[in-house]
Structure formats: structure tokens, C-alpha cells
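Values below: every heavy atom of this structure, side chains too, minus hydrogens, waters and symmetry copies.
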Amino acid sequence: MTPLLAELSAIAAKAFVAEGFLETLGFVQRSDRPDLAQFQCNGALSAAKPARLSPRAVADRIASRLRAVSIFSKVEIAGPGFINLDVRDEVLLARLLAFTADKNLGAPRTGESKTAILDFGGPNVAKPMHVGHLRSAIIGDSLQRIFRANGWTVISDVHLGDWGLQMGQLISEIGHRGLASVYFDRDFSGPYPAESPVSMSDLEDIYPAASAACKSDPSRLEEARLATAELQAGRAGYRALWQHFVNVSEQGLTREYGSLGICFDLWKGEASVEPLIGPMIADLKARGLATESEGALILPIDEPGDRKELPPLILLKSDGAVLYGTTDLATIMDRVRSYHPELILYVVDQRQHTHFEQVFRAARKASYTGNITELEHAGFGTMNGPDGKPFKTRAGGVMKLYDLITMATEEAEKRLSEAGFARDYPEDEGKEIARKVGIAALKFADLSNHRVSDYVFDLTRFTRFEGKTGPYLQYACVRMRSILAKAAEAGPAPEMRVILSTPAERALILQLLMLPSAMAGAEHNRAPNILCDYVFTLAQIFNRFYTEHHIMSEKDEGVRSSRLALVRLTLSVLTKGLNLLGIEVPDRM
RNA sequence: GGCCCCGUAGCUCAAUGGAUAGAGCAACAGCCUUCUAAGCUGCUGGUUGCAGGUUCGAUUCCUGCCGGGGCCGCCA
């Protein structure tokens, strides 16, 4: 089915075309003035100037054509030339019926037969995930859900940071500590032990020490660089040790992402493209694209007419090691060959924007993108503490993601018990509710901000359960379930037939029908906050409906079952919207 | 220094070039013998950082300035 706004826009577009104007002028949106109309079209205002007509004159012509279309109950011209539109109740009900019958709830098929690769997550091997990883995970996951729902074939890749300097730092630190000496013995011919010499908690201890050592001692940094280069050059013991790091880390990361309800199709990393790098470098050299400069191999990507100077992409450092730009470039080549995607979308910190500009240019320059693949960086802002600086623990250290989730869950648990919720539920269920509520608080707070702006991370505010929060939305769902359960007790559901007679019902139906447009808008702008606004508004409108119409005490059976049908539909729409944000809804609270 | 992003109500944030710039929180006044009051209703709150420009119309686009953050060849 066509989203209602698209349907209305198409009708208006036809009217504009019939009057000799551009089709795009027919764009119809929800009215800014709900007191005046349900929908509005502003096309007449922009059509007027080039046509040397007054906006009212254009609006008159369009309006008279629209009046001939039976879908509208009202077509009015207001102000300088706005065309205000109301849709007939019968039409709303007919669209609602089709919407209800559609198992995809009218999802726009914008991604039909198209493939998108979503690159997000980007955790580092051997380092615990911290709050900095939260945004990429939450936003990326929501986008993958939205793209999939809109018909895209989505391939998500966690893209581990597993091939850079931090690997060399770890290896040399382990060497210094004298752990696992067999991996450092050049005469050892294998096989290496199957069991990892270090656990995840060992790594969590070793990495900060290694990092600190390299910072304070230049000779240690040099050692780490050498180890990195040797690892990349294929030194067997280092490779074996590295494989242990990766295996151990993946286990921890899977659990961590799992606790957030986030899945990836691919667990590739920078190292995955290692076999492609040699041939790629050779190819770039052969075609004269890569040149040597100050001992390093670079790929200049600046173009005439640039507003700013863009530094070249460094392919090989002077010590022969590769950088993440090199692996990113090879990864594009790999993805294009393997999947022929229409889009590769990177959900990565906005601070890396220049890096992606460099890599994208390099890919185009080297013709690695094929002719259909669009490369896009969907950057996001930083998460700051209440002081406006990057979020830290009280002690000033990096806040681990695991601890953060625990804090949110505990806070949720506290609030639930204060409010007397879930008091008589089994302990397991209570814990599960607290987990869902805590995660919902975190996710909704993050997603409801515009992607690119920084936001203040304030756990007290996030876990507050009033107002525009995840828990408010969950609570609305739970109330709907509760009504439906009561109704089911009272008897089997009668024939579902929606009657539209009150403003609260009309407002609810209109909002329900806007789901597809919200999904399309969120995809188009790569902006889950559009969907957040949608679900929040829906919940608000529902709560108004809920307050105004007491369903179970309604005497008229037809009206009661009609309203129950609306509750049922609202529940599925709200649940779906929350699902697209990666938020789970408990059965009861 | 060059470039990128941001600047909106007391606070946290929205708003494809359109009407009276919206929510939430906070403050204030109401609403629970009825489906979960984590709710609903009403009310208060604005020179959209500043100055120009384009436009019938600018929070939105352009220029300059101020303030905050970030990036600027061998970290990711």
C-alpha cells in the first residue's frame, strides 16, 4: 500500500501538472495548524513566482481541481496561499483497514531489491567497550532495523579494530611481562597452543598498561610499532597470539552487544582484508595513483577547486605497516565485489568525517566503488557528562559499557519498586522488566537526539520515567495490553469494525496512518529521532484517547469493540515503532 | 592559521524555505469509588548567538563576526 501522505501528494502533484506546474510542488504534509486542517500543501506559494501569478491565484486553480477529488472533505485556501486539506472519514477508515491487513503495517518499500552495508559498532579487540561505543551501536542498530523494514537487504558489519597499533602494543607488553614466551620464539615451528594464554580480563588489564607505557616511553612505542609491522608482515607467533586476542574478545563482545539486543551479520574486521592489501597496493602503484612521500606510500586525493586542503591517504607508513585508511579502502573494494551494494553507510563518530572523505575520494579515484555504490558517512556527536565534557566515571576514568548498563538497570529497578510496579511478580520477571526498562531509557534518550548533535549524558534524567522517555512508551504499551487482557476475559473478541465518531479517535487514526511516512523519513535522513518523535506523539495521542474514552465501561457494544480494535492496532504500531528503535516492551510492568 | 559541526524557552532537546518556532523537564492550577495517575487537562515561559544579504516569506540558504566542540600526513 502507498503511505497516505504519498497518496495525497500524488493527487496534488497531478493537479499541479494539469495546471502546467512542476510535479514536486504537490508535496503534502501534516498541517502545522491542526486547528485548521489535517494536511497542507504549500506548492502554490513557490509556484507563483516563476509563473508570474499571485500565490492565491495558483492555489485557487489547484484547489478547484482537488475539490473534484472525492477523497477530500475539505479543501481551503488560507493565508498567503496555503492549501488546507481534510480527508473524509470513510477514506481514513478504508486506509486504516488496508493498513491493518498489511503484515508490514504499510512499510514503504524504498529499499526493494537494493542492498545496503551498514558499518557500525567498531569495537576494538582487547579493549572493553565503553560509553563511546554506545552511540554507534544504538544508532547503527536502529538504522539497520529501519532499512530492513523498508525492504532493503541489509548486511551489517561490526568491523572490529583488530589490525592497528594497539595490537602491537599488546604483543610487546605481553613480551615484556614474559607471558607466553613460546609465541615470541622465532625458532618455534608450532603448532601453537589452542588455549589462549590470556583471558578477556587479562587483556583489560594489559591494554591500559601497554598504552600507558607507550605514552611515557618512546622506546616502548617504537617496540609496539615494530611488533605491529611484524604482525602485519606475517610473523607466525604474533599471528597466533593475535588470533587468541580476537577469539577471546569476540566472545566478550557478542555478550555485550547481546545484552543490548544488537546483532551483526558479519564479524569482520580490519584484518579481514589483509590478503587484499598487497594486490591493492600493487594495483595503485601500477596505475600511478600511489606515490612515495617522506618514506611513506600515499594516495593524494585533493582535487582542483577544493575549498580546503585535504591531506593524502597514507597507505603504508614508512615502516611498512598499514593504517586504518588502508584497510577501509580495501574493505570498500571487498564489499563492492562481494555484495554489489547500492549503499555503504558508516555510522561512526562525526570527528572522523575527514577520514571518510579521504577514503571515499580514494575509492572513487581508484574506481573501487563500482558504478552503483554510494558511500556515506552518517556521523554522530559525542556524549558528554553533565559538565559538558566527555562522559567519565566519578573517578575520572572511562566508563565501561557493562557498568553503565548495570547502573541503568539498577536505577530502573529502584524506580519500579518505588512506584510499586512489578511488586507481586516473580523475581525473575521483575529483573527482566528492569533490564528492558533500563535499556529502553538509555536507547530512547540517545536516539531521540538528532544524530549529529552532541548530547548530555545524564543517567538521572534518562532513567526518569516521566515525559519523553523510553519507559513512558513502554508503559503506554503495557496499559494497552492490560485493556486487551481485560476484554479477553470478558469474552471473545467480536467482529472488528472501526467506527469513527470522536476527535480523539480521528486524531489517533491519523497518527496511526503516519507510520510509513515516519519510517521513510527516518531512512531518508538516516535519523532515528524522526521515529522517536513519531512514537512519542502516538503514545501521547493514545493516552488522551485512553483518558477520554473509558473502554470497558462503554455500553454500546459496537463502539466498545471499535475502540478495542483501535487499541489493538495502536499496540502493534507502537510496538513496531519501538522495535525499529531496538526497544523491547515487557508484557506487563 | 585552514576547514568541519554546533549555538533555539530557566534546563535537556525538536522543527523537508512557509501560517501563531514546538515537545519534555522544572514552576503553577486542576483530574484517581471506573481499563496501571510512570497518566491526562489547563497555564507560565522566545530579539532562534550578533550583523548583513538572497526571498513574497529565513531557525533553515549565502557572507562576516562572536562563543563552544572537533579535525588538520605516518593513532583509531
(message) For a quick test of reading the model: is some side-chain N or O of A:Gln352 closer than 4.0 Å to OP1 or OP2 of B:rC75?
(response) no

(message) Expressed as a whole number of angstroms, how long is the span from A:Met383:CE to B:rC5:C1'?
(response) 18 Å

(request) Would you please determine if the base of B:rC5 is stacked by A:His353, with stacking meaning a centroid separation under 5.5 angstrom and planes under 30 degrees? (result) no

(request) For B:rA9 versus B:rG46, give the span between their P atoms, rounded off to a whole number of Å. (result) 10 Å

(message) Looking at B:rC72, which nucleotide sits across from it as a Watson-Crick or G-U wobble partner, both distances under 3.5 angstrom, or is there none?
(response) B:rG1

(request) Would you mind telling me which residue lines up with the more 5' stretch of RNA chain B, A:Ala44 or A:Asn124, judged by nearest nucleotide? (result) A:Ala44

(request) Among B:rC35, B:rG18, B:rA76, find the nucleotide with the atom closest to the side chain of A:Leu45. (result) B:rG18

(request) Name the pairing partner of B:rG67, where a pair is Watson-Crick or G-U wobble with both distances under 3.5 Å, or state none. (result) B:rC6

(request) Could you please name the option among B:rA76, B:rG24, B:rG39 that lies closest to any side-chain atom of A:Glu270? (result) B:rA76

(request) Test A:His377 against every option in A:Tyr346, A:Phe360, A:Phe356 by the ring pair (Phe, Tyr, Trp, His ring centres under 6.0 Å) rule and name the one that passes. (result) A:Phe356

(message) Does this structure show an ion pair linking A:Lys468 with A:Asp533, if we count only N-O contacts that are shorter than 4.0 Å?
(response) yes

(message) With the 90 degree cut-off around zero defining syn, does B:rC32 come out syn or anti?
(response) syn

(request) State which of B:rA23, B:rG18, B:rC40 makes the closest approach to the side chain of A:Lys468. (result) B:rA23

(message) As a test of understanding, state which of A:Trp242, A:Tyr324, A:Phe245 forms a ring pair (Phe, Tyr, Trp, His ring centres under 6.0 Å) with A:Trp163.
(response) A:Trp242

(request) Specify the separation, in whole Å, of atom CG of A:Asp349 and atom C1' of B:rC4. (result) 13 Å

(request) Kindly say if A:Arg461 contacts the phosphate of B:rC25, meaning a side-chain N or O under 4.0 Å from OP1 or OP2. (result) no

(message) Quick check: any donor-acceptor pair below 3.5 Å linking the side-chain of A:Asn543 to the base of B:rA37?
(response) no

(message) If you compare every side-chain N and O of A:Ser453 against the phosphate oxygens of B:rA14 (OP1, OP2), does one of them come in below 4.0 Å?
(response) yes

(request) Would you mind checking if A:Lys365 and A:Glu303 are paired as a salt bridge, meaning a charged N to carboxylate O distance below 4.0 Å? (result) no

(request) Nearest whole angstrom, please: distance from the P of B:rA19 to the CD of A:Gln38. (result) 19 Å

(message) My understanding is that a pair needs two contacts under 3.5 Å, Watson-Crick or G-U wobble. By that rule, which nucleotide pairs with B:rG18?
(response) B:rC56

(request) Round to the nearest Å and state the distance from A:Met589 atom CE to B:rG39 atom P. (result) 10 Å

(request) Can you check whether any acceptor in the base of B:rA76 is under 3.5 Å from a donor in the side chain of A:Gln166, or vice versa? (result) no

(message) Determine whether a donor-acceptor pair (N or O, by modelled atom type, separation under 3.5 Å) exists between the side chain of A:Arg526 and the backbone of A:Ala378.
(response) no

(request) Using atom CD of A:Gln40 as one end and atom P of B:rU16 as the other, report the distance to the nearest whole Å. (result) 13 Å

(message) For B:rC32, give the paired nucleotide (Watson-Crick: N1-N3 plus N6-O4 or O6-N4; G-U: N1-O2 and O6-N3; both under 3.5 Å), or none.
(response) none

(message) Please determine whether a side-chain nitrogen or oxygen atom of A:Asn529 lies at a distance below 4.0 Å from atom OP1 or OP2 of B:rA15.
(response) yes

(request) Give a yes/no on whether any side-chain N or O of A:Lys317 is located under 4.0 angstrom from OP1 or OP2 of B:rC75. (result) yes

(message) By nearest atom, which of the nucleotides B:rA76, B:rA19, B:rC40 is closest to the A:Ala78 side chain?
(response) B:rA19

(request) Using ring pair (Phe, Tyr, Trp, His ring centres under 6.0 Å) as the criterion, point out the one residue from A:Phe542, A:Phe536, A:Phe465 that pairs with A:Tyr472. (result) A:Phe536

(request) Grab the NE2-P distance between A:His377 and B:rC71 for me, whole Å please. (result) 13 Å

(request) Tell me whether the OP1 or OP2 atom of B:rU36 has a side-chain N or O from A:Lys486 closer than 4.0 Å. (result) yes

(message) Without decimals, in angstroms, what is the distance between A:Arg415 CZ and B:rU36 P?
(response) 23 Å

(message) On the nucleotide B:rC75, are OP1 or OP2 found under 4.0 Å from the side-chain N or O atoms that A:Arg225 carries?
(response) yes

(request) Compare the minimum distances between each of B:rC35, B:rA14, B:rU36 and the side chain of A:Tyr475, then state the nucleotide with the smallest one. (result) B:rU36

(message) Side-chain N or O of A:Tyr546 versus OP1/OP2 of B:rA37: is the shortest distance under 4.0 Å?
(response) yes

(request) Would you kindly give the CG-to-C1' distance between A:Asn42 and B:rU16, to the nearest whole Å? (result) 10 Å

(request) Using the closest heavy atom to pick a nucleotide of RNA chain B for each, name whichever of A:Thr547 or A:Leu316 lands nearer the 5' end. (result) A:Thr547

(request) May I ask you to check whether A:Phe462 and A:Phe457 place their ring centers less than 6.0 Å from one another? (result) yes

(request) With the side chain of A:His450 defined as its heavy atoms from C-beta on, choose the nearest nucleotide among B:rC35, B:rA15, B:rC40. (result) B:rA15

